[in-house]
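Position 1 is the first residue of the sequence, and the numbers go up from there. These numbers were taken from a predicted model, which means no experiment stands behind them. Below, each value reflects all heavy atoms present in this structure, side chains not excepted, and no hydrogens, waters or symmetry copies.
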Amino acid sequence: MAKAEYRSAIRSRKLITRALADLLQEKPLDKITVTDVVRRAEINRGTFYAHYTDIPDVLHHIIEQMFSHIQQTAFNENHLLPDVSHVLPAAIQEVLEDDLDFCRKVMTSSAALLMEEHLVGLTVDYLLRHEETFGFGTHEQYLLTIQFCAGGLTNLYRSWFAGSLPISLEELTHQAELLLNRSISDTTPLK
């Protein structure tokens, strides 16, 4: 019986998150109601409230799920130091490939800013953990560089989802790796 309830809970959460992703393509996040989601998901309000408190809670859950896998992969201490610039873009690609259509819907909606903020924060945290690897000039210069890299990486994914970059996700990941490596490996002092 517990297995059936578990499968039912997973199914309900998927229906809710899919409904929200679809609705985000039609209207801004602040205009989406619980009623909109339960109608689109074809569930009752009780099912919605059994899993989430409100629409922002659903979005928070979606973001946490996506980024927890990236964190588990990228922040794994077993990665060899030369692979630092490869690990994060590869982990992002893996998560995106898991459900590309869903990610595209969220990243091209009014909820994209929340996703982008999480991606910037994750990138900065990741690169800060590896500061000593690069022997960068000063800590302040490194902070500026990684903020710049985080914003650039986020913009690459936003542009790719918007269709502005006519390359594959694999090529985007490869280029992101090269750009990150070049940016964080340059120890030329800023003047």
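Looking at heavy atoms from C-beta onward, I62 lies out of side-chain contact with F67 at the 4.5 angstrom threshold. Counting heavy atoms from C-beta outward, W160 and P166 have side chains that stay 4.5 Å or more apart. Between Q71 and Y126, every side-chain heavy-atom pair lies at or beyond the 4.5 Å cut-off. Two residues are said to be in side-chain contact when any heavy atoms from C-beta on lie closer than 4.5 Å; K105 and R18 fail this criterion. Side chains of V37 and I43 form no contact here, defined as non-hydrogen atoms less than 4.5 Å apart. For the pair Q93/E97, a side-chain contact is recorded, criterion being any heavy-atom separation below 4.5 Å from C-beta on. A heavy-atom distance below 4.5 Å is not found between the side chains of M115 and R158. Here the side chains of H118 and E64 are in contact, with some heavy-atom distance below 4.5 Å.
Separation of atoms OG (S110) and CG (D30) is listed at 7.0 Å; rounding is to 0.5 Å. Annotation: the span from C149 atom SG to R182 atom CZ amounts to 11.5 Å, rounded to 0.5 Å. Between E94 atom CD and T173 atom OG1 the span is 11.0 Å, to the nearest 0.5 Å. Taken to the nearest 0.5 Å, the OG1 atom of T17 stands 10.5 Å off from the CG atom of L59. Remark: S12 OG to Y52 OH distance equals 9.5 Å, nearest 0.5 Å. In this structure, NE2 in H61 is found 12.0 Å from OG1 in T53, a value given to the nearest 0.5 Å.
By the 6.0 Å contact criterion, CZ on F148 is open, its count of non-hydrogen atoms from other residues, nucleotides or ligands being 12 or less. Enclosure of atom CD in E42 is not indicated, since only 12 or fewer non-hydrogen atoms of other residues, nucleotides or ligands lie within 6.0 angstrom. For NZ of K27, the number of neighbouring non-hydrogen atoms (other residues, nucleotides, ligands) closer than 6.0 Å is greater than 12.
Scanning all heavy atoms of the two residues, the minimum distance from D36 to K31 falls at OD2-O, 3.6 Å. In this structure, F102 and A21 approach most closely via the heavy-atom pair CE1-CB, 3.3 Å. The shortest non-hydrogen separation linking I55 to I32 is CG1-O, 3.7 Å.
Checking side-chain atoms of Q141 against main-chain N and O of T138 turns up a donor-acceptor pair under 3.5 Å. Remark: the backbone N or O of D54 is not paired with any side-chain donor or acceptor of D57 at under 3.5 angstrom.
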(Q) Between R13 and I10, does the side-chain contact (heavy atoms from CB on, under 4.5 Å) criterion hold? Intermediate values first, please. (A) CA-CA 5 Å; R13 283 192 291 270; I10 290 173; 4.0 Å; yes
(Q) Could you walk me through whether L179 and L156 satisfy the side-chain contact (heavy atoms from CB on, under 4.5 Å) test, starting with their C-alpha distance in whole Å, then the side-chain angles of each, then the deciding distance to 0.1 Å, before giving a yes or no? (A) CA-CA 11 Å; L179 292 166; L156 282 176; 4.2 Å; yes
Q | Intermediate values then yes/no, side-chain contact (heavy atoms from CB on, under 4.5 Å), I16 and V38 | A | CA-CA 7 Å; I16 292 166; V38 298; over 6 Å; no
Q: Evaluate side-chain contact (heavy atoms from CB on, under 4.5 Å) for L88 paired with L153, printing each intermediate quantity in order.
A: CA-CA 10 Å; L88 186 61; L153 183 65; 4.2 Å; yes
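No option in D125, L119, V120 other than L119 meets the side chain to side chain contact (heavy atoms under 4.5 Å, CB included) test with T123.
Connection of L113 to L96 is not established within any shared hydrophobic cluster, with ILVMFWY side chains joined at heavy-atom distances below 4.5 Å, either directly or through further cluster members. Cluster membership for L20 and Y49, using ILVMFWY side-chain heavy atoms within less than 4.5 angstrom, is shared. Linking Ile, Leu, Val, Met, Phe, Trp and Tyr residues whenever their side-chain heavy atoms come within less than 4.5 Å leaves L178 and L127 in two separate clusters.
Between E26 and R40 there is a salt bridge, with a side-chain nitrogen of the basic residue lying less than 4.0 Å from a carboxylate oxygen of the acidic one.
Side-chain contact of R45 with T35: a donor-acceptor pair under 3.5 Å is present, judged by distance alone.
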